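Since the model is a prediction, treat every value here as computed from it, not as a measurement.
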Amino acid sequence: MTRSLQVRAGAYQDSVSLMVISRDLRARTGVQSALVAMATELNLSLLAEMGFDPPGQASPNDMLVAIAGDDDAAIQDALAHLEAALVGGRGEETGGGGGSGPGAESIEPRTIGAAVRRGDASLALISTPGSVAAIDAADAIAAGLDVMVFSDNVSVDHEVRLKELAARAGVLMMGPDCGTAVVGGCGLGFANVVRPGPVGIVAASGTGAQQLLALLDGAEIGVRHCLGVGGRDLSSAVAGRSTLAALDLLDSEEDVSVIVVLSKPPAPEVAAAVTGHAQTLQTPVVLGYLGADSRDITATARSVAEQLGVDWEEPPRWGGDAPSPRRGFLRGLFTGGTLCDEAMLIAQARLGTVASNIPLAGQPELGAGMASQGHTFIDFGDDALTVGRAHPMIDPTLRLERLRTEMADARCAVVLLDVVLGHGSHPDPATDIIDVISGAETPLVVSLVGTRDDPQGTHSTAERLAAAGAIVHASNAAATREALSMVAGS
């Protein structure tokens with residue numbers, strides 16, 4: 001076998017583009033393995049697992065190109081394909097800065113302000129690296145745009161400052177780390193396909209918002225807007241700045257009959273402030289704060305249905321009978337932080353101690369290697385695991401590797417994981433999971449988040465997973481409770 005490792009200094013590229021290139025290289029004749037990625041700590045560890053010696057010096061702004069092939073010819077072919085892909089993704093270089101002089105119409109704008117001067121945009125979606133996303137967001141706010149910051153790894157201080165700027169400018173700041181939004185029926189980010197209806201959602205959560213959208217769609221309840229405000233908005237530091245602004249916006253919408261506030265476990269004083277503000281609005285508000293003594297997302301969806309006078313049916317389940325309880329531990333492998341939080345809140349009430357990389361208050365935190373500690377839940381979408389890598393809803397590699405590990409661990413009684421569908425997510429998440437669980441004895445319970453119209457096909461995905469032996473629920477809370485029923489003594 002022949003190996004080639006290059007470190008290309010300062011050659012930043014989008015992680016999703018590099019993931020696609022890596023996949024294409026691995027499919028070429030004679031290539032055994034390939035990794036094209038930014039030199040983050042996580043990707044350097046993946047490099048070591050591939051058998052490469054670590055480079056002497058590399059920073060997250062440098063690109064790693066690691067290829068193992070049958071011979072030199074295979075390596076050279078792969079490198080040539082890489083160069084063509086990088087040039088094709090970059091497109092033709094253009095000069096200028098988006099000005100207004102002669103020939104400016106042919107020059108691509110290089111700032112958001114310059115782009116706004118070209119047209120009539122009212123919203124900017126920002127998905128640049130966290131280190132520069134705050135600069136782009138400030139530029140958009142100064143240009144008078146509402147802003148959705150999809151980027152993660154933006155500091156809390158920058159978030160607070162941006163939301164203060166947005167308040168003074170009279171615009172809405174969604175995010176950072178706003179994974180999902182629906183504006184006037186148009187999905188942004190990781191977007192489930194929803195039909196129009198009377199509900200407006202304010203969500204300090206990404207996958208939690210997607211779960212609510214899917215549950216409402218299953219009840220044939222449409223959504224007008226889902227305004228993601230970032231998972232930290234109801235923290236003490238951020239103090240609900242965007243949540244309060246979004247509530248006022250939705251209250252002014254004639255087409256919104258019910259507003260829902262959905263949040264990861266909020267700071268108590270911020271939840272109290274939001275609740276007090278909600279009580280002053282003309283539009284009825286359903287509060288969906290996750291917490292030890294609060295209702296789950298499925299119960300929140302039911303409350304929305306009741307508010308609208310819609311008959312509620314329990315979300316569907318696919319698969320055979322649950323196996324008898326097994327001795328061992330529950331292992332949860334999630335792509336969504338809110339879904340992981342919800343599952344841990346339910347599990348903690350029965351199991352007591354639940355370890356995680358995003359632990360609940362008073363619970364143990366996993367070490368750097370994230371080795372399982374008894375009952376263990378991992379959020380693979382956490383900021384620390386997405387630096388220089390695509391989100392696990394796009395690139396499931398790390399979670400699939402961990403799924404193989406847990407399925408082979410005799411101490412694991414059952415695995416619980418989420419599968420989130422919609423635009424932006426992996427086009428076929430079921431196939432890789434089915435390949436891993438084929439022939440395994442360890443039970444798998446799946447929380448499937450998807451709507452009737454999502455491109456992957458929610459019903460067909462559920463049926464395929466169930467045919468492979470998984471138990472599948474449209475409700476994350478119900479999936480968690482059934483997984484708990486399979487753990488002896490829980």
Side-chain angles (χ1 to χ4, degrees), residues 9-19 36-46 58-64 89 110-113 115 123-143 145-166 171-181 188-191 203-207 209 228-235 237-238 241-242 264 335-338 340 357-358 368 379-395 398 424-425:
Y12 176 81
Q13 290 280 333
D14 173 73
S15 60
V16 176
S17 300
L18 296 184
M19 178 199 73
V36 184
M38 304 312 295
T40 63
E41 183 177 351
L42 179 61
N43 288 330
L44 288 170
S45 68
L46 291 176
S59 80
N61 292 320
D62 302 334
M63 184 192 298
L64 300 172
R110 294 188 176 181
T111 68
I112 293 175
L123 184 147
L125 195 162
I126 295 171
S127 185
T128 49
S131 58
V132 298
I135 299 171
D136 292 328
D139 187 22
I141 291 168
L145 301 182
D146 293 321
V147 180
M148 173 180 170
V149 180
F150 186 83
S151 312
D152 55 11
N153 290 293
V154 176
S155 73
V156 175
D157 288 343
H158 283 155
E159 178 175 351
V160 171
R161 179 61 176 155
L162 288 168
K163 290 180 175 180
E164 289 174 343
L165 290 173
V171 298
L172 179 64
M173 168 74 184
M174 296 186 284
D177 201 11
C178 176
T180 297
L188 303 171
F190 291 117
S205 157
T207 51
V229 294
R232 297 183 303 211
D233 195 69
L234 270 69
S235 66
V238 187
R241 284 174 166 84
S242 288
K264 298 177 180 181
T335 62
T338 304
C340 189
N357 63 324
I358 55 163
D379 170 23
F380 286 88
D382 183 57
D383 284 7
L385 299 181
T386 58
V387 177
R389 288 189 65 88
H391 192 279
M393 285 160 56
I394 302 170
D395 178 8
L398 290 180
S425 293

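The existence of a salt bridge linking Arg389 and Asp395 is confirmed by a sub-4.0 Å separation between a basic side-chain nitrogen and an acidic carboxylate oxygen.
Remark: the backbone N or O of Asp379 is paired with a side-chain donor or acceptor of Asn357 at under 3.5 angstrom. Looking only at distances, no side-chain donor or acceptor of Asp136 sits under 3.5 Å from a matching main-chain atom of Ala133. A distance-only check finds no donor-acceptor pair linking the side chain of Ser205 to the backbone of Lys264 [under 3.5 Å]. A distance-only check finds no donor-acceptor pair linking the side chain of Asp152 to the backbone of Asp177 [under 3.5 Å].
Residues Thr180 and Phe190 share a closest heavy-atom pair of OG1-O, 2.7 Å. Closest heavy-atom contact between Gly336 and Thr207: CA-OG1, 3.2 Å. Minimum interatomic distance between Ser59 and Ala39 (heavy atoms only, all atoms of both residues): O-CB, 3.2 Å. Counting all heavy atoms, side chain and backbone alike, Val154 lies closest to Ser151 at CG2-O, 4.3 Å. Among all heavy-atom pairs drawn from Met38 and Ala11, the shortest one is CE-O, 3.8 Å. Closest approach of Arg232 to Pro176, counting heavy atoms only: NH2-CG, 3.7 Å.
The CG atom of Asp382 sits 12.5 Å away from the OG1 atom of Thr335 when rounded to the nearest 0.5 Å.
Counting heavy atoms from C-beta on, the side chains of Val238 and Val229 never come closer than 4.5 Å. Looking at heavy atoms from C-beta onward, Thr386 lies in side-chain contact with Pro392 at the 4.5 angstrom threshold.
Under the side-chain contact (heavy atoms from CB on, under 4.5 Å) test applied with Met174, the options Asp146, Val149, Leu123 reduce to a single match, Leu123.
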- Message: What verdict does the side-chain contact (heavy atoms from CB on, under 4.5 Å) test give for Ile135 and Thr128, after you've listed the backbone C-alpha separation in whole Å, the side-chain angles of each residue and the deciding distance to 0.1 Å?
- Response: CA-CA 10 Å; Ile135 299 171; Thr128 49; over 6 Å; no
- Task: Test side-chain contact (heavy atoms from CB on, under 4.5 Å) on Ile126 and Val147 and set out the steps.
- Result: CA-CA 7 Å; Ile126 295 171; Val147 180; 3.8 Å; yes
